[in-house]
Amino acid sequence: MSIKDKITQAMEAAKALGVDYADIRVKDIRMESISLENGALSAAVTNRSQGYGIRVYVDGSMGFAASGDMDKLVETVHEAYQIAKASLTLQAQKIVLAPKEAAKGTYSTPVVTDPFTVPFSEKLALLNKCNDAIKAVPGITYSVCGLDFRKDDVIYADTDGSYIEQYFCQCTGQIITTASSEEDNQDRSFIDVIRGGYETILNLEMPKIAARLAAEVVELINCPDCPSGEFDLVINPNQMFLQIHESVGHPTELDRVLGSEAAFAGRSFLAPEDLKKNLVYGSKHVTLVADATCPQGLGTFAYDDEGVPAQNITLVDKGIFTGFQTSRDNAPVVGLPSSGGGLSDGWRNLPIVRMTNINLLPGEGSPEDLIAGIEYGFLLDQNKSWSIDDLRINFQFACQVAYEIKDGKLTGRMFKNPIYAGKTTEFWGSCDGVAGPEYWQLIGIPNCGKGQPMQVMRVSHGSSPTRFRKVKVGVSDVK
C-alpha cells in the first residue's frame, strides 16, 4: 500500500469515529552538518527523522498523537481520538477552528544542485579554503567554518479532503573568527541560512567573507570601547534581522498576546483591541510584513502545517499596527482568519503560531544617503548578544562592531563592544530612513525556539540598512 493510500485510510478511520475534524502531517527530515574548528574536522554528521503527527477534534477538544511507524497510522488515529475524548472532561472552552478550503497541490523549493548529491570532499575543500583565508591573517586565536544542509519532505492531509505535498531544501554557511589579548576576546562572525540548493552556498563566496572577518577582528581587539550616550545609528541587515525578530516578530504572534506562551518565553505588550486603536508601532518609514511567499525565505511555503495557503500580511503599515500572526485555533478568538502561521518543527510536535518571513519593507536611497544625514554616530554590524523583557518592550542588543560616522561620512575608525537599548515602539518611532530595495537583504535564523515542549524553527527577516535617531548607546561587558 502506498503512503498516500495509508494516509487516506487513516483519515477515513477518523471519519468513521465521528470526529469533527482530523489532519495529519507526515515529515521526512534529512540533515547534514560539517565543520572545521581551528582547521581540524570537528563534525561530519548526517541524520534522518521520519514520522507523522495526527490531530483529532471531538466536540471542541483536541487530541494529538505521533509515531514513527507508518504501519500504525490507524492505531495512531484511535490514540489521538481517545486523548480528545479524555480532554473533554477538562474542557474550559470549545476550540473553534478558523475555516479553510480543502486544498490539493505540490510545492518545491527551487533548487539547482541538491546539496546532498555534492561530494563530501567538495564541501570539505570549500571549508578548507575558508580556513586558509583565516590562517593567512596573523593574530587569529580561534576559528570555526561550517556548512549545514536540511531537506524536509512533507505531506499534509485532512478529513476535508486536502492532500498537499511540499519539498523544502535549505543551506547554511557559517564562519566565526576570534582574536584575543591578555585582557580581551573579540569575535567577528557570519551566518546565512537560505532556502535553495548548493548554489546558494557558492554564491556566498565564503572564503572572501572569512578573509574580511579575520582582518577586522584582529584590528578590533585593539580598538577602543564604543562611546556611551545618545547617538544616531545606521543598523545593517545582519543586526536588523534580530531587532525585527524580537521586537516585531514575537510580540505579534497571537498566542503570546492571548497568554498561551506566558509560561515559557513571555507574552506581548500588544492586546487584541489594539487592532482597532490605530496603535502607533513606529514612524511612517516603518512597514513590516509577514510574507510566506518571499523567495529563498526559510518561512516560505505554499501551505502551512494546517493546510492554510501562504499569505503576505501587513503587521505594521507606515507605523500603524495592523495585524497579528495567527493559526486556525486562535484566530477566531479575535475574529480573524488564519494568517497561515500554524507550523511545527517536525512530526512529533503540534503546529503552533510561528513566524514566516517578517520583513521591513525598503525605502529609498542608499546607505551612504543615510550616513550623510548623521553629524556624529555609528554604523552597527552583526549581533553579539541580546535581551528583551517578558512583554517585548524593553530591549538591549550588543553588536560586534561599531563603525564611526562623523560629518556624514564613515571615518574608517572602529569601536568594540557597542550596545544599544530602547523601548520597542519608541525605538521604531525613531526610524527616519530605510535604504532602497537594491540594498535589501534576507537573513535566515536557524534556531528560533518556542513552545513547550521546545520547538526550534527556521525563519527569515529582510531589511535594508536603516537609520534611527537619538538611540541610547553604551558599552557591552560581553566578552
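Computed from heavy atoms alone, side chains included, the values below leave out hydrogens, waters and symmetry copies.
Residue K123 qualifies as enclosed at atom NZ: its count of foreign heavy atoms under 6.0 Å is above 12. Counted within 6.0 Å of CD on E273, heavy atoms from surrounding residues, nucleotides or ligands total more than 12; the atom is thus considered enclosed. The 12-atom threshold is exceeded at NZ of K15, counting heavy atoms of other residues, nucleotides or ligands nearer than 6.0 Å. For I3, the CD1 atom sits in a loose shell: 12 or fewer heavy atoms of surrounding residues, nucleotides or ligands are nearer than 6.0 Å. Counting heavy atoms of neighbouring residues, nucleotides and ligands inside a 6.0 Å radius, atom NZ of K6 exceeds 12 of them.
Between F321 and F324, the ring planes are perpendicular. Angles over 60° get that label, and only those under 30° would be called parallel. By the 30° and 60° cut-offs, the orientation of the rings of H461 relative to H245 is perpendicular. Ring geometry, Y107 versus F168: the interplanar angle falls from 30° to 60°, so the pair is classed tilted.
At a cut-off of 3.5 Å, with distance as the only test, no side-chain donor of T178 or Q186 sits close to an acceptor on the other residue. Residues T76 and Y52 bring a donor and an acceptor atom of their side chains to less than 3.5 Å of each other. Using modelled atom types and a 3.5 Å distance limit, the side chains of N357 and T300 yield a donor-acceptor pair. Residues E253 and H250 bring a donor and an acceptor atom of their side chains to less than 3.5 Å of each other.
Under a cutoff of 6.0 Å and an axis angle of 45°, R328 and Y21 form a cation-pi pair. Figure legend: K94 and Y57 shown without cation-pi pairing, the cationic atom not lying both under 6.0 angstrom from the six-membered ring centre and within 45 degrees of its axis.
For the pairing with Y420, the ring pair (Phe, Tyr, Trp, His ring centres under 6.0 Å) check across F378, F468, F427, W386 returns one residue only, F427. Checked options L298, I201, T109, L204; the residue passing with I194 is L204 (criterion: side chain to side chain contact (heavy atoms under 4.5 Å, CB included)).
Within the model, atoms OG of S268 and CG of L258 stand 10.0 Å from one another, a figure rounded to the nearest 0.5 Å.
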